[in-house]
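Below: the structure, in structure tokens.
FYI, the numbering just counts along the sequence from 1. Heavy atoms only: backbone and side chains are in, while hydrogens, waters and symmetry mates are out.
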Amino acid sequence: MDPQSQNTSLQRLQNVEKRIVRVLELAGSVMDELANPSGPRKELVNSHCSEFMQLIKDIQVTLREEIKSACEYRPFEKCDYVPRISNEICCKKLEHVIAQLDEMKHTIEGYHAAV
């Protein structure tokens, strides 16, 4: 991921943060309006709810795109963790198979000695 796309990504995430703040402000405004002793103003509640829903959709789209682009960027490509763990698991499996084979050999030897 080049520095320019990182900046662009960071800017998009900062915009998401600003939208989240706006969403919270809208939610608070609607709650205040609903708690209004003279009753809520329907047009204001509808306006805030519409803006709220649009911002939520925008946030979802942007985050989905950012997650997708982050998945395409693999900073740990040279990490050997997965192959190393896989090898360790294979070694443990082999140790288990060898132990079972030794037990089978011992059982067979015991059988031949008894016959």
Show every donor-acceptor pair shorter than 3.5 Å between a side-chain atom in residues 99-114 and any protein atom, with sequence neighbours excluded, or say none if there are none.
from : atom 1 : to   : atom 2 : distance (Å)
Q100 : NE2    : H96  : NE2    : 3.1
T107 : OG1    : E103 : O      : 2.9

Separation between OG1 (T62) and CD1 (I67), nearest 0.5 Å, reads 11.0 Å
Residues at least two apart in sequence or cross-chain that pass side chain to side chain contact (heavy atoms under 4.5 Å, CB included) with L63, listed by chain then number, are L13, V16, I59
Note: with side-chain heavy atoms under 4.5 Å as the link, the other cluster members for V61 come out as none
Contacts of K92 meeting salt bridge (Lys or Arg N to Asp or Glu O under 4.0 Å) (sequence neighbours excluded), chain-then-number -> E95
Sorted by chain and residue number, the salt bridge (Lys or Arg N to Asp or Glu O under 4.0 Å) partners of R64 (sequence neighbours excluded) come out as none
Connected to I98, directly or through other members, by ILVMFWY side-chain contacts below 4.5 Å are none
Kindly list each side-chain donor-acceptor pair under 3.5 angstrom involving residues 26-54, sequence neighbours excluded, with atom names and distances?
from : atom 1 : to  : atom 2 : distance (Å)
S29  : OG     : E25 : O      : 3.0
E33  : OE1    : R41 : NH2    : 3.0
E33  : OE2    : R41 : N      : 2.8
E33  : OE2    : R41 : NE     : 3.0
N36  : OD1    : S38 : N      : 3.3
N36  : OD1    : S38 : OG     : 3.2
N46  : ND2    : K42 : O      : 3.4
S50  : OG     : N46 : O      : 3.0
E51  : OE1    : R22 : NH2    : 3.2
E51  : OE2    : R22 : NE     : 3.0
E51  : OE2    : R22 : NH2    : 3.4
Q54  : NE2    : D58 : OD1    : 3.0

Please determine whether the number of non-hydrogen atoms from other residues, nucleotides or ligands lying under 6.0 Å from atom CD of Q60 exceeds 12.
yes
Hits for salt bridge (Lys or Arg N to Asp or Glu O under 4.0 Å) against E65, two or more places apart or cross-chain, chain-then-number order -> none
Contacts of I89 meeting side chain to side chain contact (heavy atoms under 4.5 Å, CB included) (sequence neighbours excluded), chain-then-number -> I85, K93
By salt bridge (Lys or Arg N to Asp or Glu O under 4.0 Å), E66 pairs with (sequence neighbours left out) R12
